[in-house]
Trainee: 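Quick one: structure below, then a few questions.
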There are 2 protein chains.
Amino acid sequence: MSKTIDEIARETGYSRTTVTLVLKGQADRYRISGRTREIIERYVAEHGYVINQTARNLKLRRSHVIGFVVPDLSNAFFARLMAALEVRCRAEGLVLVTTSTSEEPAIEQRALDNLVTRGVDGLVIAPCCPRGDHALPLRKKRLPLVLIDRVFEGDKAIAILSDHFDSARTITREMIEGGAQDIAFLCGNPANPSIQERIRGFEAALAETAGGTGKGRVIAEGADTIDVGIKLVTRLFAEEGVRPQGILCSSLLILKGALHAIKSRYGRIPAGLVIGTFDYDAILEVLPNTVRAIRQDEQQLADAVFDCLLAQMNGQDAGPSRRIIPTTMIRLGEGALESEAPASPAMAAGPASVERR
Amino acid sequence: MSKTIDEIARETGYSRTTVTLVLKGQADRYRISGRTREIIERYVAEHGYVINQTARNLKLRRSHVIGFVVPDLSNAFFARLMAALEVRCRAEGLVLVTTSTSEEPAIEQRALDNLVTRGVDGLVIAPCCPRGDHALPLRKKRLPLVLIDRVFEGDKAIAILSDHFDSARTITREMIEGGAQDIAFLCGNPANPSIQERIRGFEAALAETAGGTGKGRVIAEGADTIDVGIKLVTRLFAEEGVRPQGILCSSLLILKGALHAIKSRYGRIPAGLVIGTFDYDAILEVLPNTVRAIRQDEQQLADAVFDCLLAQMNGQDAGPSRRIIPTTMIRLGEGALESEAPASPAMAAGPASVERR
DNA sequence: CTGAAAGCGCTAACAA
DNA sequence: TTGTTAGCGCTTTCAG
């Protein structure tokens, strides 16, 4: 157990102030005598001293802690976001405390309460539900707050978002141009407003296709998990009509589930299938297929979040209430896209009845 | 800004104790009069009260916080570990604070200092370097501590580890049985003691092969990143002699890099290549290859860590100083393994000079 | 150059 | 059934 300032003072015979001064390296500024200083330093070197931040925080009413609440840290997007935020925080002498809520409103609620009672200096939330009553204590405290990635209807707080609508529109368009005349958009977590934006973008792209050559359908349900991905493909197979030539997945997890299901059905992934997905992972490169992936710019998102937070903490203008960050399109299997689209559907028709145009 | 207990007491005309009692729901036990209670509750309902944990912690010398220090949270293994730990913590009324150190000893050091000065009640560390001097303050504080996943030579603290040696031996053996007579073990981060264990296991498996039919080489360097994976394959290609029939990768990142490099060399992943890797990701299933993956049991690891931590916090026996948790082998493309091994090397020889046995 | 004192918000005796 | 008191360890005036 290391000593407290009081103990050091008592045991060296100096006062609290003197000890504090040398401990803080301000001995010079206040011209503490070299001897005093040396005695204290020697004592500390021997017995050790670690500052008690709890006491300090209580006194200063500042914790130097930023709270970060995410729905799911095993989602690589949030993990990267966290990493980027942490770097910024560290540079500013702040500590980032992250909690993962498993997309559970109740847990989110408790996490927020917890952070607030611990006196965080700022809060960044990727919410899993609309903020209800628990917004009140935040408001009262005028706690710096920024929302990231998702914003539910009616929420007034400042939010930093990727351009979900436009990403979806662009990727859909590219898939169509690449020969996928019929695309199934497989969505987990349709309650998520960002997913809803993507669905709107998907539909916009279809509507814009000259002559309505692009066909599409949205299959959405449940959570954002591999199992749901499997289920969505099962539902797709159960549908009447032709198999789509492209699948667009709302996340990597959904994609993984979908590919799993497709492979166990066909024994392999049909080479002509055009694959689109939100979130990028390097392993996608091993697929022989044409792949388009939307990658969010976690670095820029984190920077924007942090700048905004810092501004609030310093009482400055925090900027507009919505800030949209562009995404990047990753293109794999480029060649496939440049050649003419295959005339036949990418997936052979299953046992279900088949129509051909 | 919500009220403090003192303010509530003053403004309702009751004392601190009375207010505290009703705030804690102990009104009944101490038989606070219904009227008193109602007045206070009404006041709180109107003005709000959130307990100041900082003050509480200072008084009680207990923070209900567990610190978790990891080298890299974007590594899914650590992310899952964190999630599992968090669940256990929450159930016990504890908060898990995680910091990611990017495998940097200096950052790890600071993170530890930070957590200690903030008065965490316990610490779990997946260290990126041997613990040096900074072990001292911990020791002095007798802070509950458990090491996870890695333990450097000479470290006396309690550690929970996966069975890295045995995993490596088993997976290597299976790869050999599956027809990969010549295996390259591509390793990132060879300074990591767990990786060293794996290398030992790999070599043990080779040595055990009847008649020394299994050949192998270890190519190791740098960090655990995709780029290093690419580099390792480049080094492999630069070597004289036959191409290996199997590659074993020390992590998913290395695998991703390796596959990327192989694909850009051959335009595809040779179907006969036997792939082994530590860490599992569902997307591996889409590979047509024979794949063996070692998956660590994050759940069990987290449970063991937490139990051990709790025991220490309660002053009980914390168990043995090393605890080994078994891993699971994931087998994909089983069929390929059952058929006879192809006679020719999986990868065609590159431009480099070629030997054949 | 050094010391004394007040107080951050809470808890936990102890009194009344 | 309610009130009083003494700190937890630190920072920050204000006085010597």
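By convention in this document, chain letters (A, B, ...) are assigned in the order of the sequence lines, proteins followed by strands, and residues within each chain are numbered from 1. Every heavy atom of this structure was used, including side-chain atoms; hydrogens, water molecules and symmetry mates were not.
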Trainee: If you look at every strand shown and take non-hydrogen atoms under 4.0 Å, does B/Gly13 touch a base, only sugar-phosphate, or nothing?
Mentor: sugar-phosphate
Trainee: When the distance from CG of A/Asn57 to C1' of D/dC8 is rounded to whole Å, what number comes out?
Mentor: 14 Å
Trainee: Report the residues that fulfil side-chain contact (heavy atoms from CB on, under 4.5 Å) with A/Asp6, sequence neighbours left out, ordered by chain and then residue number.
Mentor: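 For A/Asp6, the residues satisfying side-chain contact (heavy atoms from CB on, under 4.5 Å) (neighbours in sequence not counted) are A/Thr4, A/Arg10, A/Arg16.
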Trainee: Rounded to whole angstrom units, what separation is found between the CG atom of A/Leu21 and the P atom of C/dT2?
Mentor: 9 Å
Trainee: Taking side-chain hydrogen bond (donor to acceptor under 3.5 Å, both in side chains) as the test, write out the residues that go with A/Gln296, two or more places apart.
Mentor: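 By the side-chain hydrogen bond (donor to acceptor under 3.5 Å, both in side chains) rule, A/Gln296 matches A/Ser162.
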Trainee: I need the NE2-C1' distance between A/His64 and D/dC10, as an integer number of Å.
Mentor: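 Going from NE2 in A/His64 over to C1' in D/dC10 covers 13 Å.
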Trainee: Look at the side-chain N and O atoms of B/Arg62 and state whether any lies under 4.0 Å from the OP1 or OP2 oxygen of D/dC8.
Mentor: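 So the side chain of B/Arg62 is outside the cut-off, no N or O lying under 4.0 Å from OP1 or OP2 of D/dC8.
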Trainee: Atom CZ of A/Arg10 and atom P of D/dG9: how far apart are they, to the nearest Å?
Mentor: 10 Å
Trainee: Relative to the 5' end of DNA chain D, which residue comes earlier, B/Leu58 or B/Tyr14, by the nucleotide with the nearest heavy atom?
Mentor: B/Tyr14
Trainee: Can you sort out the partners of A/Asp303 under side-chain contact (heavy atoms from CB on, under 4.5 Å), two or more places apart, ordered by chain and number?
Mentor: A/Arg88, A/Gln299
Trainee: Please state whether the phosphate of C/dG9, meaning OP1 or OP2, lies under 4.0 angstrom from any side-chain nitrogen or oxygen of B/Thr54.
Mentor: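 So the side chain of B/Thr54 is outside the cut-off, no N or O lying under 4.0 Å from OP1 or OP2 of C/dG9.
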Trainee: Under 3.5 Å, is there a donor-acceptor pair linking the side chains of A/Thr17 and A/Thr20?
Mentor: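 There is no such pair between these side chains.
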Trainee: Could you work out, with side-chain contact (heavy atoms from CB on, under 4.5 Å) as the rule, every residue matching A/Glu38, not counting sequence neighbours?
Mentor: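 Here the qualifying residues are A/Arg42.
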Trainee: B/Arg322: which residues meet the side-chain contact (heavy atoms from CB on, under 4.5 Å) condition with it, sequence neighbours left out?
Mentor: B/Val151, B/Ala159, B/Leu161
Trainee: Think B/Thr36 has a side-chain N or O under 4.0 angstrom from the OP1 or OP2 of D/dT2?
Mentor: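 Indeed, a polar side-chain atom of B/Thr36 lies that close.
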Trainee: How does each nucleotide of nucleotides 10-16 of chain C score, in 5' to 3' order, for protein heavy atoms under 4.0 Å: base (B), sugar-phosphate only (S), or none (-)?
Mentor: BBSB---
